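Here is the structure we will look at, set down as structure tokens.
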Amino acid sequence: MSDKAALLSQLAINNGTPVRKELLPYGRQLIDDKDIEAVTDVLRSGFLTTGPKILEFEQAFAEAVDVNYAVVMSSGTAALHSAMSAAGVGPGDEVITTPLSFVATANCVRYQQATVVFADVEPDTLNIDPERVEACITPKTKAVLAVDYTGKPANLPVLRELCRMHGLVFIEDAAHSLGATYMKKKIGSIADLTTFSMHPVKHITTGEGGVVTTNDERVARHLRQLRNHGLTQDHIQRQRTGTWEYDMKEIGYNYRHTDYHCALGISQLRKLPVMLERRREIARKYRQALADVPEIGLPVKSSGCESSWHLYVVRLNLARLEVGRKEIFDALRAENIGVNVHYIPIPWLTYYQNLGYKKGSWPVAEEAYWEILSLPIWPGMTDADVDDVVMAIQKVIMAYRI
Ligand SMILES: *Cc1c(COP(=O)(O)O)cnc(C)c1O
């Protein structure tokens with residue numbers, strides 16, 4: 001048997017022994033006894049929802065990201081939708097965003113019956129390209145919605161200045177970037193509105209949950225109203241003023257979060273610095289271990305900003321490989337490494353195709369799509385887990401390199 005044939009026969013996908021016995025997921029929550037206690041304490045208390053934990057979590061979150069106001073919502077998607085609504089995005093408006101994100105980023109624009117305008121990304125960071133954004137601005141543009149892809153902040157100063165010059169609302173989908181900074185400023189304090197997610201794969205979790213941050217008191221009040229059906233008084237305010245009266249001047253939603261979710265959020269937030277540091281440590285380990293694998297392109301180094309490492313996305317150098325991303329993905333999954341792909345370009349999805357978006361309009365994002373692969377990264381990963389990922393990559397790449 002040739003060396004090559006021997007390497008191929010050792011792959012788990014060809015019935016060789018997998019590097020791991022059990023699947024290592026790409027992302028996962030880290031819950032400890034204090035988290036569990038925080039939740040059960042609330043379940044034994046008098047308030048399950050709209051109680052004291054909501055404000056306590058909002059204040060802790062606002063403090064953590066150096067912003068005046070944080071408004072908690074029932075999901076990151078609810079946070080995005082409320083941000084769109086609070087920004088005044090409506091029918092006929094256009095919102096410029098990236099094609100390389102989770103569907104919720106674009107969907108929230110559609111919830112408001114507005115038009116999504118996808119602007120291509122930068123070739124190195126895969127974040128929305130401010131030059132492409134500028135080229136997309138029309139008299140109908142209402143807002144720019146940037147995503148900090150993988151946790152590395154988009155070019156926020158340039159995007160913010162563009163928005164200021166053209167009178168646009170600057171919204172940041174920071175589902176990936178809680179704890180990241182740009183020029184030492186914390187994500188959450190830079191855009192007009194910033195949204196976060198607390199899904200279990202994100203930096204802190206409440207199971208499901210989201211937050212919108214803003215420095216504008218009026219906007220914060222508006223967000224609280226949108227969260228509660230659009231009612232001008234919530235039950236706490238009514239209780240305080242001793243009246244049954246309320247009004248509804250615009251349509252809102254039930255996007256409220258519960259007290260036990262927020263209790264978990266408070267407990268998780270205390271661990272954020274430690275969990276962030278572990279993510280950064282894992283990223284450093286990957287860089288060290290994979291630097292001399294020419295088939296693997298590593299994330300570009302940050303300048304002026306610090307990533308929060310929600311995802312560790314490598315780029316396959318396909319010219320040096322005998323197979324494509326699908327085969328590499330399948331081979332790594334067979335080794336029980338839970339690699340993933342973030343993301344299929346949003347305009348390629350059937351709903352968006354039916355709206356008339358043309359494939360090929362975002363060549364940088366669309367070409368990058370064939371090369372991207374997310375490696376597992378989450379704060380509970382051990383050094384042995386990281387070693388398994390590195391070993392599996394070396395094993396698979398050696399078998400498939402040209
Ligand atoms: C996770 C995520 C969301 C949605 O958050 P949910 O809390 O799951 O609703 C939105 N945008 C991006 C970029 C995300 O990664």
Side-chain angles (χ1 to χ4, degrees), residues 25-29 57 61 70-85 87 89 95-112 116 118-119 121 125-128 143-154 156 159 171-180 187-188 191 193-213 223 226-227 253-258 261-262 264-265 268-269 279 307-313 340-347 349 352 365 368-369 372 374 376-378:
Y26 86 88
R28 205 197 123 103
Q29 72 279 11
F57 178 54
F61 197 98
V71 180
V72 66
M73 300 278 174
S74 52
S75 71
T77 305
L80 275 166
H81 184 194
S82 304
M84 283 298 136
S85 187
V89 171
V95 176
I96 302 170
T97 193
T98 169
L100 207 59
S101 184
F102 183 55
V103 291
T105 307
N107 288 354
C108 70
V109 178
R110 298 298 302 150
Y111 294 161
Q112 292 300 103
V116 189
F118 295 104
V121 297
T125 63
L126 302 184
N127 266 322
I128 196 165
V144 171
L145 172 56
V147 176
D148 303 316
Y149 178 71
T150 72
K152 186 192 294 293
L156 304 176
L159 291 169
I171 308 170
E172 192 179 351
D173 177 349
H176 295 186
S177 54
L178 175 59
I187 297 303
L193 291 138
T194 308
T195 69
F196 297 89
S197 162
M198 293 174 296
H199 181 275
V201 297
K202 305 290 164 64
H203 291 84
I204 66 166
T205 189
T206 58
E208 299 281 355
V211 174
V212 187
T213 61
L223 287 164
L226 286 165
R227 172 177 73 183
Y253 310 89
N254 179 354
Y255 282 165
R256 295 188 307 260
H257 216 22
T258 76
H261 282 99
C262 288
L264 180 53
Q268 286 267 302
L269 203 51
R279 284 178 182 272
S307 177
S308 57
W309 294 108
H310 164 56
L311 299 173
Y312 196 91
V313 174
N340 219 319
V341 175
H342 297 95
Y343 299 91
I344 300 170
I346 299 172
L349 303 172
Y352 286 95
Y369 167 68
I372 53 180
S374 304
I377 186 165
W378 44 280

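Remember, it's 1-based here, ligands and their atoms both numbered in the order they're listed. Everything numeric in this text was worked out from a predicted model, so none of it was measured. Below, all heavy atoms of this structure are taken into account, side chains as well, without hydrogens, waters or symmetry copies.
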Sub-3.5 Å N/O-N/O distance, His310 and ligand 1 | no
Relative to each other, are the rings of Tyr255 and His81 parallel, tilted or perpendicular (30° and 60° limits)?
-> perpendicular
For ligand 1, which atoms sit closer than 4.0 Å to a heavy atom of Ser75?
-> 7 (O), 9 (O)
Donor-acceptor side-chain pairing of Asp148 and Ser177 below 3.5 angstrom = yes
Per-atom contacts of ligand 1 with Thr105, taking only distances under 4.0 Å to non-hydrogen atoms = 11 (N), 13 (C)
Under 4.0 Å from any heavy atom of Ser101, which atoms of ligand 1 are there?
-> 13 (C)
Ignoring hydrogens, just give me the one of Lys202, His199, His342, Met198 whose non-hydrogen atom is nearest atom 14 (C) of ligand 1.
-> Lys202
Would you say the side-chain atoms of Tyr149 and Asp173 include a donor-acceptor pair closer than 3.5 Å?
-> no
Step-by-step side chain to side chain contact (heavy atoms under 4.5 Å, CB included) determination, Tyr312 to Arg279 | CA-CA 9 Å; Tyr312 196 91; Arg279 284 178 182 272; over 6 Å; no
Quick one: do Ile204 and Leu264 satisfy side chain to side chain contact (heavy atoms under 4.5 Å, CB included)? Show the steps, please.
-> CA-CA 9 Å; Ile204 66 166; Leu264 180 53; over 6 Å; no
Aromatic plane relationship, His176 with Tyr343 - under 30° parallel, 30 to 60° tilted, over 60° perpendicular | parallel
Looking at OG of Ser74 and NE2 of His257, how far apart are the two atoms once the value is rounded to the nearest 0.5 Å?
-> 7.5 Å
Polar contact flag for Thr77 and ligand 1 (N/O pairs, less than 3.5 Å) | yes
Give yes if a backbone or side-chain nitrogen or oxygen of Asp173 is under 3.5 Å from a nitrogen or oxygen of ligand 1, and no if not.
-> yes
Please say whether Gly76 places an N or O atom under 3.5 Å from an N or O atom belonging to ligand 1.
-> yes
At the 4.0 Å heavy-atom cut-off, does Leu80 count as touching ligand 1?
-> yes
Under 4.0 Å from one or more heavy atoms of Tyr343, ligand 1 contributes atoms 15 (O)
Relative to each other, are the rings of Phe57 and Phe61 parallel, tilted or perpendicular (30° and 60° limits)?
-> perpendicular
Non-hydrogen atom of Gly209 closer than 4.0 Å to ligand 1 = yes
